[in-house]
Amino acid sequence: MTAPVLAVEEIGKSFKGFRAVERASFTVDAGELLALIGPNGAGKTTTFNMINGQLLPDHGHVRLGGEDVTGWPPRALWRAGVARTFQITQTFASMSVAENLLVAILSRQKSAGLLAAAGNAHADEVQTRLAEVGMAHAADTLCSVLAYGDLKRVELAIALVDDPRLLLMDEPTAGMAARERGALMRLVAERARQRRTAVLFTEHDMDVVFGHADRVVVMNRGRLIAEGTPEEVRASPIVREIYLGGEAISAVGGGGI
Amino acid sequence: MIASFLIQTLNGLASASLLFLVALGLTLIFGVTRVVNFAHGSFFMLGAYMAVSFHELVGGGLLGFWGGAVIAALAVGVVGALIEITILRRIYRAPELLQLITTFGVVLVLKDVVLYTWGPEDILGPRAPGLAGAMWIFGKPIPQYDLLLLVLGPLVGLVVWLLLTRTDWGTRVRAATEDRDMAAALGINQALMFTGVFALGALLAGLAGALALPREPANHNMDLTIIADVFVVTVVGGLGSLPGAYVAAVIISVVKAWCIGIGDVRLFGTVFSFSKLTLVAEFIVMAIVLIIRPWGLFGTPQAAQRVAAASILPMPVPDMKRWWPLGLLMLALVALPLIVDRFTVVLVTDIIIFALFAASLGLIMGIGGMASFGHAAYFGAGAYAAAVAFKAGASFVVAIPTGVAFAAALAVLFGWFCVRLSGVSLAMLTLAFAQITWAIAFQWDSVTGGSNGLVGIWPPELLSSKSAYYFATLLLAGAAILLIWRSVHAPLGFLLRAGRDSRIRAEAVGIDVRIVQWRAIILAGSAAGLAGALYVFSKGSLSPDLLSIPRSVDALAMVLIGGVQTLVGPVVGAVVFITLQDWIVRATPYWHAVLGITLILITIIFPQGIVGTLRQWRQRRESAP
Ligand SMILES: Nc1ncnc2c1ncn2[C@@H]1O[C@H](COP(=O)(O)OP(=O)(O)OP(=O)(O)O)[C@@H](O)[C@H]1O
Ligand SMILES: [Mg+2]
């Protein structure tokens, strides 16, 4: 048996004594879509930050294909094939959509040149990448004027530029219309199957979660409280109780930020 | 030996008290308003001058000295309140860098106010009555006044601490320091509190200035000398920390005092003068602290840089079809010496040199988002290295590259530290670096010529005419400017902007933002070094003035006037700045005040600068049908 693409082992993080995440463990296999769900403040983003190196876990390990990558900085993880989108979108506001992708492409070279014009060299690749997420028409639009849903798509395009083996998406469809959400998730799911990308995502929209995830883990107050197939999680009484305050899961839409 | 160490330690603690009072005021103001007040050193200077005047008015005695200190402190407090109400209030929401520049505008204005009111001479202040003597400890004398100061600093600190913890007003101030929005929500009258805190901070600085009189005469360099020290203290102690301010003030002052105490030491047959190394010692302390705790001894790691999305401008790739204006300009520049007189040729040579200086700062400040209040360090380093090489027998052709190489080496060293900080801490660090470079040039007589500088540095026969040198400058500086412009649209420029726009995203796509920034600093430092080297050969001489803080601010002003975050802005700014300066300096002795008011107005009204504002207008016209 080969090691899973991502293995999170007992990681935890406290902020000034407040335990945001406690002893969380799970794995994601190649080609698998794992949803991490939980109410606001459950610790999902904090978990992402520990996996992607923005935060150093207080304890526990993060393994990538078996290798211990705990404490690696984000840039090293990117080179190891980990890409991420952010809950609060992070794009380069002074640049056009195409230039945002260009930057991700330029970072492949170890040294940044002084003389070569950066603009034209990768135009074709940028166009192809943008077309994949349906943003080709907006290549020359400035990121600072894009709608929120479009920014999320740009972030996804940036994340996919180097064909990551692990894709982390923190609320990838927030700010999109229902139909767009489905389309975006189908795109991600298809890629995951074709290129064996492991995908970990958080989401408040239950249609998205139950429609596209292969497996679901549930987090509440920093602890993982349930794990299983979408059907199992949907049926779990603990999840209904803690996560949804007893309401029927299918009745809960969007929510959250 | 031990006795002299003890004496120097006491001496250092006395200096620390004064430094602490000024840093305390700066920290209080920063805590509540989030503005680093550059003009705090000016309040210190104002306090000293006012105390002198009061003393002259009422004569000596207890009243003359202590009354003068109190009155001066109160008067400076009032001046502070007025400045807060008229100027500071308008910039609380502006980006940090603009705030620093606005308050530097205040520095320039107050400098000329002092010049106008008290004249250019140093004025000897009153001694503290009854404390003019010395006490003998282990057979060594220590001024009684120093012992008093040593106690007075912590005592005033204690009073302020009681004010903050034991009064209603203090509780509200602390609430506002912890969480501004919360304080606003609680209905605390912010405007009034901000004015009050600012006045208190100014008062403390004014008091320190008055108390400094028995140790040094009131003079025109007090403002920038003390503020540079205070910035070092703040960086070392941690921005916003009161205990940090005291501990750092003590460390810095005591280390300096020790250096003076050690004096000349014979090592390996050569004499090392430690007393001349005080600033280097300061630098080493700061460097060690920054390596171990980049956020200072008592500070907390900075929250993610706050870059308001609105403050970021796009950087369109220039349209090659519209490059004929540049071609036309080139033609005009080449033809210039044939058309105009000799003085204009010299003026335009200056403009080109400063355009390069400004463009290099524009690269790290506008494109890289790194504030620099010490860019003159590289300009001066280039000038000094070229001049020293020339004096040592090197020809012009060797001296110029020597200048560039030395400035680049300095940028490698300083840049390594700079990329570890951001925002105001970075601005303060760059200023401290420049101040240290200045001190080395000032004190290293045998190599740099000390305060007199060096003379007789002229280009070779071939370039000796003004127009020949003009062409050489145009060629070298012009090429360097084009290289900088080019780099903005090359991979380096893109990665640099990426790190500025969203550091977190840049790191997440594999960019080592620090390395990219470091490279940009080295490029900009080398370019500034070239400007400096060209400058010294055009003037034939140089002095430490080249490295002074106002020089650095000149570059900032050029970038700002033209438009930060625009490609041609810094160059346009240099043209406007040098032309205006040339014209105003001839008309009035108060150029500083004019420049200061200009800076204040620009930062408040036109933060986009000339090029940015023009671009906005054009865009508005194009978007309107
Ligand atoms: N840097 C920080 N300092 C202090 N507390 C933090 C920090 N980051 C997160 N927290 C706290 O940790 C808890 C978990 O936050 P986190 O952002 O991980 O939640 P989340 O599950 O992503 O929530 P949401 O669905 O709202 O995005 C929250 O209570 C939050 O306030
Ligand atoms: Mg979150």
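Below, chains carry the letters A, B, ... as their sequence lines are ordered, and counting in each starts from 1. Excluded from the calculations below are hydrogen atoms, water molecules and symmetry mates; all remaining heavy atoms, backbone and side chain alike, are included.
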Approximate separation, where rounding is to 0.5 Å, of A:Asn100 CG and B:Phe494 CZ: 10.0 Å
Proximity breakdown for A:Ser96 and chain B, heavy-atom pairs closer than 4.5 Å: neither
Non-hydrogen atoms of A:Arg79 and B:Gly510 that approach each other most closely: NH2-O, 2.7 Å
A:Arg19, CZ: over 12 other non-hydrogen atoms inside 6.0 angstrom: no
Closest contact, heavy atoms only, B:Ala508 versus A:Trp78: O-CE3, 3.0 Å
Contact summary for A:Gln90 and B:Ser502, nearest pair of heavy atoms: OE1-OG, 2.6 Å
Point-to-point distance, once rounded to the nearest 0.5 Å, from CG of A:Leu106 to CD1 of B:Ile511: 8.0 Å
Nearest heavy atoms of A:Phe92 and B:Arg505, plus distance in Å: CZ-CG, 3.4 Å
Check against side-chain contact (heavy atoms from CB on, under 4.5 Å), A:Gln54 and B:Glu507: CA-CA 9 Å; A:Gln54 279 87 15; B:Glu507 291 275 343; over 6 Å; no
Spacing of CD1 belonging to A:Ile88 relative to CD1 belonging to B:Ile504, to within rounding of 0.5 Å: 9.0 Å
